[in-house]
Asker: 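Mind looking over this structure? Questions follow.
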Amino acid sequence: MFKVKNLQVKYGVIEAVRGVNLEIKKGEIVTLIGSNGAGKTSTLNGIMNLVKKDGIVEFLGEDISKLSTQKIVKKGISLVPEGRKVFVNLSVDENLEMGGFYNKDEGLKDDIYNLFPRLKDKKTQLAGTLSGGEQQMLAIGRALMSKPKLLILDEPSLGLAPKIVLDMFRVIERLKDEGITTLLVEQNAYIALKISDFAYVIENAQIVLSDKSSNLLKSNDIITKYLGG
Ligand code: ATP
């Protein structure tokens with residue numbers, strides 16, 4: 001469904017992403033794990049054309065490498081950025097409406113409120129007054145309002161309490177059951193590997209390992225480096 005070939009992202013002389021290849025099959029959760037500064041966010045920003053990049057990105061058999069971010073979203077890929085970036089001065093409801101800019105579908109908003117009942121209770125509350133977990137749910141809800149076929153999540157667990165992290169990963173699993181394909185970027189390698197089908201490991205701007213997540217959970221190298229073993 002989705003392929004990245006030889007992706008490169010540079011900031012001046014800094015090579016943040018060097019020759020990254022990724023593949024995602026329909027209906028899968030694929031995770032990209034790596035430590036701080038490894039190149040995870042730059043990979044996502046390159047895919048979405050939020051930064052200048054080289055390389056090929058294919059989605060549903062079409063080369064989308066050169067499309068604007070707006071057109072990429074319209075094609076069915078939606079990114080939930082690191083740090084959520086909800087519109088703090090807009091209400092919960094208005095934030096969702098912003099996400100549905102290209103897709104006026106009232107029924108969809110109801111579906112999202114069913115997925116996140118806490119947001120429904122706080123419809124008129126300003127997003128900036130929500131807890132970190134609620135803001136993360138709202139950011140995911142806003143992304144879902146564009147009806148993505150591929151949802152990309154950049155470090156959704158960052159800064160959240162452990163219980164909230166579990167709730168959020170349950171939501172991601174539920175989205176999988178509803179047929180949404182997900183690319184998940186995480187530093188929290190254990191939980192990311194637990195819920196994903198396939199994983200890529202990025203170190204110093206390059207993919208160093210890729211395998212079924214269940215295999216990586218058993219790999220000594222991964223246990224030592226990423227799982228605190
Ligand atoms: P984190 O988990 O901290 O977000 P990451 O794996 O997402 O890390 P990136 O944010 O992609 O890593 O950063 C990769 C490298 O590129 C790092 O060395 C970082 O300092 C550098 N970098 C990121 N953004 C910029 C920028 N706008 N200008 C210059 N260098 C940047």
Asker: How many angstroms lie between CG in Leu96 and CG in Leu138, if you round to the nearest 0.5 Å?
Answerer: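 The CG atom of Leu96 sits 5.5 Å away from the CG atom of Leu138.
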
Asker: Taking Tyr200 for its side chain and Val30 for its backbone only, find out whether a donor-acceptor pair lies under 3.5 Å.
Answerer: no

Asker: Quick one: do Val9 and Asn45 satisfy side-chain contact (heavy atoms from CB on, under 4.5 Å)? Show the steps, please.
Answerer: CA-CA 9 Å; Val9 176; Asn45 288 345; over 6 Å; no

Asker: If I compare all heavy atoms of Ile47 with all of Ile72, which pair ends up nearest, and what's the gap?
Answerer: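 The pair with the smallest heavy-atom distance is O-CD1, 3.6 Å.
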
Asker: Could you walk me through whether Thr182 and Lys176 satisfy the side-chain contact (heavy atoms from CB on, under 4.5 Å) test, starting with their C-alpha distance in whole Å, then the side-chain angles of each, then the deciding distance to 0.1 Å, before giving a yes or no?
Answerer: CA-CA 8 Å; Thr182 299; Lys176 179 182 178 176; 6.0 Å; no

Asker: Return yes if a side-chain donor-acceptor contact under 3.5 Å exists between Asp221 and Ser219, otherwise no.
Answerer: no

Asker: Quick check: does any side chain N or O of Asn95 sit under 3.5 Å from a backbone N or O of Ala139, one acting as donor and the other as acceptor?
Answerer: no

Asker: Taking Ser196 for the side chain and Ser213 for the main chain, is one N or O donor matched with an acceptor at less than 3.5 Å?
Answerer: no

Asker: Test your reading of the model: is there a side-chain donor-acceptor pair from Lys40 to the backbone of Ser35, 3.5 Å cut-off?
Answerer: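 A pair under 3.5 Å: yes.
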
Asker: Do Lys25 and Asp197 meet the salt-bridge criterion of a basic N to acidic O distance under 4.0 Å?
Answerer: no

Asker: More than 12 foreign heavy atoms under 6.0 Å from OH of Tyr190: is that the case here?
Answerer: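 At most 12 heavy atoms, drawn from other residues, nucleotides or ligands, come within 6.0 Å of this atom.
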
Asker: So which heavy atom on Ile202 is nearest to which on Ala38, and how close?
Answerer: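 Looking at all heavy atoms of both residues, the shortest contact is O-CB, 3.5 Å.
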
Asker: With a 3.5 Å distance limit and no angle check, can you tell me whether Thr31 reaches the backbone of Leu184 through a side-chain donor-acceptor pair?
Answerer: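 The answer is yes, because a donor-acceptor pair under 3.5 Å joins these two groups.
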
Asker: Please tell me if the side chains of Ile140 and Met168 come closer than 4.5 Å, counting only heavy atoms from C-beta onward.
Answerer: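 In contact.
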
Asker: To the nearest 0.5 Å, tell me how far Leu183 CG sits from Glu28 CD.
Answerer: 11.0 Å

Asker: Is Asp154 close to Ile152 at the side-chain level, that is, under 4.5 Å between some pair of heavy atoms?
Answerer: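 The answer is no, as the side chains (C-beta and beyond) never meet within the 4.5 Å cut-off.
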
Asker: Any side-chain heavy atom of Met137 within less than 4.5 Å of one from Arg118?
Answerer: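 No, too far: nothing below the 4.5 Å cut-off.
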
Asker: So, does Thr129 use its side chain to make a donor-acceptor pair with the main chain of Leu126 at under 3.5 Å?
Answerer: yes

Asker: Verify side-chain contact (heavy atoms from CB on, under 4.5 Å) between Leu144 and Leu108, making sure each step is shown before the conclusion.
Answerer: CA-CA 9 Å; Leu144 292 174; Leu108 185 58; 5.9 Å; no

Asker: Is it the case that more than 12 heavy atoms not belonging to Arg18 sit under 6.0 Å from its CZ atom?
Answerer: yes

Asker: To the nearest 0.5 angstrom, please state how far the CD1 atom of Ile172 sits from the CD1 atom of Ile195.
Answerer: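 One finds 4.5 Å between CD1 of Ile172 and CD1 of Ile195.
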
Asker: Minimum heavy-atom separation for Leu50 and Thr69, please, with both atom names.
Answerer: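 Heavy-atom minimum between the residues: CD2-OG1, 3.9 Å.
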
Asker: If you apply the rule side-chain contact (heavy atoms from CB on, under 4.5 Å), what do you find for Leu79 with Val73, and how did you get there?
Answerer: CA-CA 8 Å; Leu79 168 71; Val73 175; over 6 Å; no

Asker: How far apart are the closest heavy atoms of Ala199 and Leu193, and which atoms are they?
Answerer: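 Scanning both residues, the minimum pair turns out to be CB-CD2, 3.5 Å.
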
Asker: So how far is it from Phe87 CZ to Glu94 CD, rounded to the nearest 0.5 Å?
Answerer: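 Reported value, rounded in 0.5 Å steps: 11.0 Å.
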
Asker: Heavy-atom count around Lys85 NZ within 6.0 Å, excluding the residue itself: above 12?
Answerer: yes

Asker: Could you check whether any side-chain heavy atom of Lys26 comes within less than 4.5 Å of a side-chain heavy atom of Lys149, counting everything from C-beta outward?
Answerer: no

Asker: Is the backbone N or O of Ser65 less than 3.5 Å from a side-chain atom of Lys53, with the two atoms forming a donor-acceptor pair by type?
Answerer: yes

Asker: Do Ile24 and Val4 have side-chain heavy atoms sitting under 4.5 Å apart?
Answerer: no

Asker: When you compare the side chain of Val86 with that of Leu130, does any pair of heavy atoms fall below 4.5 Å?
Answerer: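 Side chain of Leu130 against side chain of Val86, heavy atoms only: no contact under 4.5 Å found.
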
Asker: To the nearest 0.5 Å, what is the distance between CD on Glu82 and CG on Leu44?
Answerer: 9.0 Å

Asker: I'd like a table of donor-acceptor pairs (distance under 3.5 Å, sequence neighbours excluded) in which one partner is a side-chain atom from residues 54-62, with atom names and distances.
Answerer:
| residue | atom | partner | partner atom | Å |
| --- | --- | --- | --- | --- |
| Glu58 | OE2 | Lys5 | NZ | 3.0 |
| Glu62 | OE1 | Lys75 | NZ | 3.2 |
| Glu62 | OE2 | Lys75 | NZ | 3.2 |

Asker: Looking at every non-hydrogen atom in both residues, tell me the closest pair between Arg142 and Pro81 and how far apart they are.
Answerer: NH2-CD, 4.4 Å

Asker: Can a donor-acceptor pair be found between the side chains of Gln206 and Asn204 at a distance below 3.5 Å?
Answerer: no

Asker: Of all residues at least two apart in sequence or in a different chain, which pass the salt bridge (charged side-chain N to carboxylate O under 4.0 Å, His left out) check with Glu203?
Answerer: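 So Glu203 forms a salt bridge (charged side-chain N to carboxylate O under 4.0 Å, His left out) with Lys225.
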
Asker: For residues Phe198 and Ser210, report the shortest heavy-atom separation together with the two atoms involved.
Answerer: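 The pair with the smallest heavy-atom distance is CE2-CB, 3.9 Å.
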
Asker: Give, for atom CG of Leu119 and atom CD of Gln135, the distance between the pair rounded to the nearest 0.5 Å.
Answerer: 10.5 Å

Asker: Does a side-chain heavy-atom distance below 4.5 Å link Gln136 with Val80?
Answerer: yes

Asker: Between Ile222 and Leu227, is there a side-chain heavy-atom distance shorter than 4.5 Å?
Answerer: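 In contact.
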
Asker: Side chains of residues 155-164: which donor-acceptor partners sit under 3.5 Å, not counting sequence neighbours?
Answerer:
| residue | atom | partner | partner atom | Å |
| --- | --- | --- | --- | --- |
| Glu155 | OE2 | Gln187 | NE2 | 3.4 |
| Ser157 | OG | Glu186 | OE1 | 2.9 |
| Ser157 | OG | Glu186 | OE2 | 3.1 |
| Lys163 | NZ | Asp167 | OD2 | 3.0 |

